[in-house]
A.B. asks: 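Below: one structure in structure tokens.
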Amino acid sequence: MALLQIAEPGQSTVPHEHRLAAGIDLGTTNSLVASVKSGKAQTLNDDAGQDIIPSVVSYQADGVLVGDQAKYYAISDAENTIVSAKRLIGRSLNDIQSKYPSLPYTFCGDENHPEIQTRQGLINPVQVSAEILKHLNTRAEQALGGELTGVVITVPAHFDDAQRQSTKDAAKIAGLNVLRLLNEPTAAAVAYGLDSGQEGVIAIYDLGGGTFDISILRLNKGVFEVLATGGDSALGGDDFDVAVVDHIIEQAQLARPLSNVMERQLSQQACFAKESLSINDSVEITLSHDVQPWSMILTKATFNDLISGLVNKTLRACRRTLKDADITVDEVIEVVMVGGSTRVPLVRTEVEKHFKKAPLTSIDPDKVVAVGAAIQADILAGNKPDSDILLLDVIPLSLGLETMGGLVEKVIARNTTIPVAKAQEFTTFKDGQTAMAVHVLQGERELVDDCRSLARFELRGIPPMAAGAAHIRVTFKVDADGLLEVSAMEKSTGVESRIEVKPSFGLDDKKITQMIVDSMTNAKEDIQARMLKEQQVEASRVIESIQAALTEDGKLLSEVEITVINHAISSLAKIAQTTVVADIEAAIEILNDSTATFAERRMDASIRTALSGQSVDEV
Amino acid sequence: MNYFQLFGLPDNFTVDLGRLSELYQALQKTVHPDRFAHASSQEQMIAVQKSAMINDAYETLKKPLQRADYILKLRGTQMPSEQASFSDNQFLIRQMELREMLSDIKSSDDVNFEIDKINQTLDDEFLILFNSMQSLLDQNTSDADELAYKDLRKLKFYQKLHIELERLEEQLFAD
């Protein structure tokens, strides 16, 4: 006799389908992709059993190379081989050239949209990151045997809005569905938190190739609450290399400007020396390209002297962040080390001294971020409906607006938990003023010139009034990815102006679409086919999730309401069979709109349930 | 629904912070956008709104001065704008003295000692005002609330001084 299956009450009757999802650590120096396979998060290897991919992209005449193959050209063809693109992403030309004066690239493009001249034409740093993401996606699909539902991409906690937006744009160009941008230290905490199941305050010290983050978190019953985060988006192991390069130049009596080949050779020698000094007390540095063969010995003591200023800079950031979190060093129960640069012995000893405890290094510092991202991707894709894990992250830098006199008025303070929405009211400066320039800024300083300009827009059509009579309400919304949206409204008339902050530095949608088309032609894919498929997948995802919601909470609706939703479902299901992308898009929107009330009621009901569960606990 | 009702808490100034934090986490576990990453875009949008509102509520109730401000607003207390003139001359003179102490730190021989000293002074004076505000708020009468609001305004001055002291400390120990 066949047994009939009956689902547990409250659970979906549809057998759960495992959705393929991956976590991506898009690093300055190296990148990795990881996924949860048979319940365990692991990094994914290439055919040679290697999981780490150098974040290097080389634009050769016959194609674009990524990873080790690209790294091969790093010295001989430095102009066409982009390393550490993450340091360039979301930054202005001026910013790049003043921070990294000796890059071997030829920069073109305007101030806000820097591009690099390569053999394959002008390339934006976002496109470089997109190439790396595509490469990782291919690897994941091969390893997992299917297309990915979505990915979690990690970013330094300290990344500003422009850098986050650019990272998301890169994913879009690479054709990836981003489930969430996740802060690297938080990802590392997830990777460790699961293993140890600890409760209390922990510090994550994350020193990567190009960025430094320090995050203070409180762990409690699966909730990871970030209390404060700080750091430096332009300080990392690469700077140790730069310090060593300057030292070599001095010792070898070389003078800048040097050839591109020489600059790359020096960087590689410096990096090799740094890595070698993690195990040895001294190392020989040799120069052979473009110069009389020359060598010197670098001792660990000299190296430590060269980098001690940089290490101290990270400790100062730790002190500041602990203060922001209102936590003393003694309250920190664990310090987690993340990032390849934490292999440098001086870093470990100084961190140990500062926090008065030996740091945790049991998970490979190069892989811990990708592993944490994979765990979160698995949850967000819906594979773990019973998971107790919740990440409560913060914005790293304050957001504000320019006011009279070039001053910044903060609207959302740094270390505010996201998502967040805050409004502030402003008024006009002159009698009869009918327009207002809204200038959005990010940073901690009081002067506009010292903060990062994110966007400018104008609110027009304010009725002429006496100065100070108008009430302009500006609303800032930051979503769970840490991305900002700003809108402004004149209250008495309801004149509204809304923008999604696309940083002045970012790419507009048209440009992104063009890049997607370009990358398609290269891959001989058909953009129409891809867009159609994307919309069809989206349609079935929306139908599936709404049907599941109806099964679970249909009781919250009247019969008429259910009929309306069911009608929209069947109409979408029918249209999704056709091939007109715009029609499917419209039908998805109609279905979404028809469930607005339902979604709100469901949410309120779950809030009530959560609270009643709480009071029962207490009794 | 006000923020106290949202958490199912009585609208008293004294709040059990441990309980507040537990309730906050329980609520975020049900509405956080991460719970809806694969849901319909309607649900995702509402999750962002609710989650943002709960964050704001938690932030407001967690911080004592913000909580006091919020309670006074709920009770409909007359609150002149922040820019309105401040008539307590004795208090203003004291503020000027404290500001001078702050600006004298840079030129002092023992910066650490001076910072600790002024920190202590600020804390002591803050606490006296805070206790006064707390007992006024507990009375829950409109007369007491108006007095509590006066204390709250003064406390905000102290809060600003505290932030300035921290900034100064950061500058002095930057390198």
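Worth knowing before you read on, the calculation uses all heavy atoms, side chains too, and leaves out hydrogens, waters and symmetry mates. Residue numbering restarts at 1 for every chain, and letters A, B, ... go by the order of the sequence lines.
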A.B. asks: Taking side chain as C-beta onward, heavy atoms only, is S594(A) less than 4.5 Å from Q42(B)?
C.D. replies: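 In short, these two side chains do not touch, never coming nearer than 4.5 Å.
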A.B. asks: Non-hydrogen atoms of chain B under 4.5 Å away: do they reach the side chain of I607(A), the backbone, both or neither?
C.D. replies: both
A.B. asks: What part of F7(B) is in contact with chain A, defined as an atom under 4.5 angstrom from a non-hydrogen atom: side chain, backbone, both or neither?
C.D. replies: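 Contact with chain A involves the backbone of F7(B) alone.
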A.B. asks: Salt bridge check, E446(A) against R167(B): does any charged N sit closer than 4.0 Å to a carboxylate O?
C.D. replies: yes
A.B. asks: At a heavy-atom separation under 4.5 Å, does I418(A) approach chain B through its side chain, its backbone, both, or neither?
C.D. replies: backbone
A.B. asks: Using only atom types and a distance under 3.5 Å, with no angle test, would you say the side chain of R19(A) pairs donor to acceptor with the backbone of H38(B)?
C.D. replies: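 Between the backbone of H38(B) and the side chain of R19(A) there is no qualifying donor-acceptor contact (under 3.5 Å).
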A.B. asks: Which pair of heavy atoms, one from L179(A) and one from A37(B), lies closest together, and at what distance?
C.D. replies: CD2-O, 4.4 Å
A.B. asks: Hey, is K323(A) close enough to E169(B) for a salt bridge, meaning N to O under 4.0 Å?
C.D. replies: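 Looking at E169(B) together with K323(A), the answer is yes, because their closest N to O distance falls below 4.0 Å.
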A.B. asks: Taking atom types as modelled, find out whether Q376(A) and D34(B) have a side-chain donor-acceptor pair closer than 3.5 angstrom.
C.D. replies: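 Present: a donor and an acceptor within the cut-off.
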A.B. asks: Would L390(A) and Q25(B) count as a side chain to side chain contact (heavy atoms under 4.5 Å, CB included) if you check the C-alpha gap in whole Å, the side-chain angles of each, and the deciding distance to 0.1 Å?
C.D. replies: CA-CA 9 Å; L390(A) 179 66; Q25(B) 296 194 347; over 6 Å; no
A.B. asks: Over all heavy atoms of both residues, which pair between S545(A) and S40(B) is shortest? Give the atoms and the distance, please.
C.D. replies: OG-N, 3.3 Å
A.B. asks: Between K50(B) and chain A, with a heavy-atom cut-off of 4.5 Å, which part of the residue counts as in contact: side chain, backbone, both or neither?
C.D. replies: side chain
A.B. asks: With the side chain counted from C-beta on, respond yes when Y24(B) and V223(A) share a heavy-atom pair under 4.5 Å apart, and no when they do not.
C.D. replies: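 In short, these two side chains do not touch, never coming nearer than 4.5 Å.
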A.B. asks: Which value, rounded to the nearest 0.5 Å, describes the distance between K29(B) atom NZ and S387(A) atom OG?
C.D. replies: 8.5 Å
A.B. asks: Quick check on E589(A) against chain B: is it the side chain, the backbone, both or neither that has a heavy atom closer than 4.5 Å?
C.D. replies: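 Contact with chain B: none, neither part.
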A.B. asks: Measure distances from N177(A) to the heavy atoms of chain B and classify the residue's part below 4.5 Å as side chain, backbone, both or neither.
C.D. replies: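 Neither; nothing under 4.5 Å.
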A.B. asks: Is it true that N55(B) and T417(A) share a donor-acceptor pair across their side chains at a distance under 3.5 Å?
C.D. replies: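 No.
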